[in-house]
Amino acid sequence: MSTTQSRETTEDTVRITGFFSGRSELVVTALLLALAVALTIGTASMNVMGDTVPGPQFFPWIICIVLYALTVLHGLSVLRTRRFPQGTDSGNPDFSAEMLAELGDTQRTEVLGASAQRPRRTGRVRLYSDWATIAWIVGGIACFILVLPVLGWIISAAGLFWAICKALGSTRPIFDIGVAAMVSSISYLAFGLGLGLSLPAGLLGGLL
Amino acid sequence: MDQLSHLMAGFAGALTLVNLMWVLIGALLGTAVGVLPGLGSSMAVALLLPVTFSLDPTAAFIMFAGVYFGGMFGDSTAGILLNTPGASSAIATTFEGHKMAKSGQAARALATAAMGAFIGGLIATTLVVFFAPSLVKLATAFGPAEYFALAVFAFVAISSVVSESIIKGLGALSIGLVLALIGVDGISGSVRFTGGLPQLFDGLSIVVITVGLLALGEVIHVASRIHRDPSALRIPASGRIRLSGADFRKALPAWLRGTAFGVPFGVIPAGGAEIPTFLAYGTEKRLAAKRKDPEFGTTGSINGVAAPEAAGNATAGMAMGALLALGLPVSATAALMIAAFQQYGMQPGPLLFERSGDMVWTLLASLFVGLVMLLIINMQFAGLWAKLLLVPRHYLYAGITVLSMLGVYAVSSSVIDLWFLLAIGILGFIMRRYQFPVAPVLIAVILGPLAETSLRRALTVSEGDLGYLVSSPTTIIMYLLLIAAVALTMVKHAASRRKLRSEAMVLQDS
């Protein structure tokens, strides 16, 4: 069996090593399926109150059907075509790039010279997602949520700010400590004391 | 001229010192987030939504309006100077704007863009003032069947017609609809999909969803790429930011043409400013080709900047009317504005003008005030705004993360909301990673409850007869338009898929 692969790619971005190469999007199919199953269970086991017709299960059933259909269609489309990352930023999926190109007439070259496609930064780059940085961010946020009730806003938020700066490639960790402390204190004063939002005071609560 | 007296009363409310201050804060914040690449006004409104919770509604909305328009003013700055548009609504401006900047006319391009945004916004807001009452009258004639048709129209238009992929668009829409289902059902009182958590009885907070998808999702997405993508080169804005009389005369027709494209898209749920800006750009390009304009596409034409920028702000202005009078969000940012109203227990739509008339007219008046302020701060200080581009990206995104946490925690002081936020943020990242559109989720979350209740009410009224849904001319027209648009989209998508397949490389599966 041969599979076609969407868009043109250069040799080095294509590495087929197994079934999942270029098919990692099946994660989303699984997500849609999980959502559909959860919705089915939730709807079937719902404790219906009142006797309105159509009742509270009516709309969820419609969405269930749509979700199962979409899961199948999405799964098929991923299985049919292996996709590999290409280019740097692939633009905004909210809008069909092709439709915008047609509306904007961006392909026309006579007289004017092509105005290229979406503006995009150039240069050769590594294309796959940077999981280490993502882990830093998500881990940092998880830690922040865990320590927030204990340490209070100022310390936890400063820690979060610092961790994210570090993950995103700041080269001045010591200087960042100062910036982080400033950001968290100012936000505490402005929003907590100024606008009256309730932020946990935590350990420093006694001092303020 | 009932509207004029209302508007004058609105100005009396808007021109107080406190309200002027809120407009100014909103305008400054909006321009700032607009200038910064990757941050749009939708993210700014999402982040501000929770922290303004303690303000009085009028002040909060005046500020949001400033942010909303400010984003449209600012987003072209980064596009012109860096070739990285601050938001997708500025892409069309960037084509010619960056060419002008490269040929040493950055200041002229920035001034044209600011003036264009002002003119587009001004005309659209004026139209809103005069046509809002008619829209309200139209909307009061709507029954449940019409509202359901309107919601379906918005759902399908945003998820399928304008987005990159129909399957992905509908997938995003369904995710949003499921999120909107969580909580106690308003009609029957049944508890739905809460997993037994009492915190979810009121539904998953809209703040959690919007901040998670727009802010945190974007931060994680940036993290996944920041060590991969090279950074862009900046062109300094040199020279005075002002327009000569000749430039003004040259750009004026383009501004007006752009506005004409922008206004209708303010009431069509087609995702906001992207389509009209591209349409405006395309028209200028065709006109330039006809006139053999040598600047267009080489050194950059002032018209190519003027038209899209006016179109973008005209759409934003008109969208304000659609959301106030009909309760219809045409884009993600408009959906957020509706969420903001819901936060304060108000439902945008025909009743809003009756119940909170004072506030609405003050808001409309402050739009005019905001536009004038924005014109001044963008014309006079464009060079200063460009300095914002020097803020290191890691501080920016760290700040966004901290602010998201602050906002979500502040709404209900519960840690569990923060976990939901993280989960939605990861969902937002996965969606960006696999090119799923985010706008349909927000539209579904906002309009989902309306769609469900109006469908159920319609079927209760008709005793289960589905024919009732298409019994009035309004509904029939809407569904026919929708079917035509979807059919056209499918044909286009199929054609482009065939083209891609024929160009694609064929690999032997091992």
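All chains are named by letter (A, B, ...) in the order of the sequence lines, taking the proteins before the strands, and each is independently numbered beginning at 1. Treat the numbers as computed from the prediction; the structure is a model and nothing was measured.
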Checked Trp153(A), Phe58(A), Trp136(A) vs chain B; the most non-hydrogen pairs under 4.5 Å come from Trp153(A)
For Leu279(B), is it the side chain, the backbone, both or neither that has a heavy atom under 4.5 Å from a heavy atom of chain A? both
Taking side chain as everything from C-beta outward and backbone as N, CA, C, O, which of these in Ala439(B) sits under 4.5 Å from a heavy atom of chain A? Side chain, backbone, both or neither. both
Quick check on Val411(B) against chain A: is it the side chain, the backbone, both or neither that has a heavy atom closer than 4.5 Å? neither
Chain A shares the most heavy-atom pairs under 4.5 Å, among Val191(B), Val222(B), Ile220(B), Leu422(B), with Leu422(B)
Evaluate the criterion side-chain hydrogen bond (donor to acceptor under 3.5 Å, both in side chains) for residue pair Tyr434(B) and Ser24(A); output intermediate values, then yes/no. CA-CA 9 Å; Tyr434(B) 292 108; Ser24(A) 66; 2.8 Å; yes
Tell me, for Leu427(B) versus chain A, whether the close heavy atoms (under 4.5 Å) come from the side chain, the backbone, both or neither. side chain
Contact between Leu181(B) and Leu39(A) at the side-chain level, heavy atoms closer than 4.5 Å - yes or no? yes
Heavy-atom pairs under 4.5 Å with chain B, option from Leu31(A), Val27(A), Leu67(A), Thr43(A) with the top count: Thr43(A)
When Ala167(A), Ala69(A), Gly55(A) are compared by non-hydrogen pairs under 4.5 Å with chain B, the top option: Gly55(A)
Tyr395(B) portion near chain A, given a 4.5 angstrom heavy-atom threshold: both
Let's test your reading of the structure: which of Ala157(A), Pro60(A), Ser187(A) forms the most heavy-atom pairs below 4.5 Å with chain B? Pro60(A)
Please look at Ile62(A) and chain B and tell me whether the side chain, the backbone, both or neither of the residue comes under 4.5 angstrom of a heavy atom of that chain. side chain
Which heavy atom in Met405(B) sits nearest to a heavy atom in Leu160(A), and how many Å separate them? CG-CD2, 3.8 Å
Proximal component of Ile175(B), with respect to chain A [non-hydrogen, under 4.5 Å]: both
Given the options Ile430(B), Leu421(B), Asp185(B), which has more heavy-atom pairs under 4.5 Å with chain A than any of the others? Asp185(B)
Toward chain A, the part of Val415(B) with a non-hydrogen atom under 4.5 Å: both
Atom of Ile167(B), atom of Leu70(A) and distance for their closest heavy-atom approach: O-CD2, 3.9 Å
Any idea which of Ala190(A), Ala142(A), Pro149(A) has the most non-hydrogen atom pairs under 4.5 angstrom with chain B? Ala142(A)
Nearest heavy-atom approach of Gly189(B) to Met49(A) is O-CE, 3.2 Å
Specify the closest pair of heavy atoms between Glu452(B) and Pro56(A), including all atoms of both residues, with the distance to one decimal. OE2-O, 4.3 Å
Side chain of Thr133(A), backbone of Ser224(B): donor and acceptor closer than 3.5 Å? no
Nearest 0.5 Å, please: how far is CZ in Phe429(B) from CD1 in Ile134(A)? 3.5 Å
Spacing of OH belonging to Tyr397(B) relative to CD1 belonging to Ile164(A), to within rounding of 0.5 Å: 12.0 Å
Of Val183(A), Val66(A), Ile63(A), the largest count of non-hydrogen pairs under 4.5 angstrom with chain B goes to Ile63(A)
How close do Phe193(B) and Gly42(A) get, heavy atom to heavy atom, and via which atoms? CE2-C, 3.6 Å
To the nearest 0.5 Å, what is the distance between NE2 (His394(B)) and NZ (Lys166(A))? 11.0 Å
Quick one: of Ser413(B), Gly171(B), Ser188(B), who has the most non-hydrogen atom pairs under 4.5 Å with chain A? Ser188(B)
Inter-residue atom distance Arg192(B).CZ - Asn47(A).CG, 0.5 Å rounding: 13.0 Å
What heavy-atom pair brings Gly399(B) and Phe161(A) nearest, and what distance separates the two atoms? N-CE1, 3.5 Å
With the side chain counted from C-beta on, respond yes when Ile141(A) and Leu216(B) share a heavy-atom pair under 4.5 Å apart, and no when they do not. yes
Straight-line distance of Ile426(B) CD1 to Ile137(A) CD1, nearest 0.5 Å: 11.5 Å
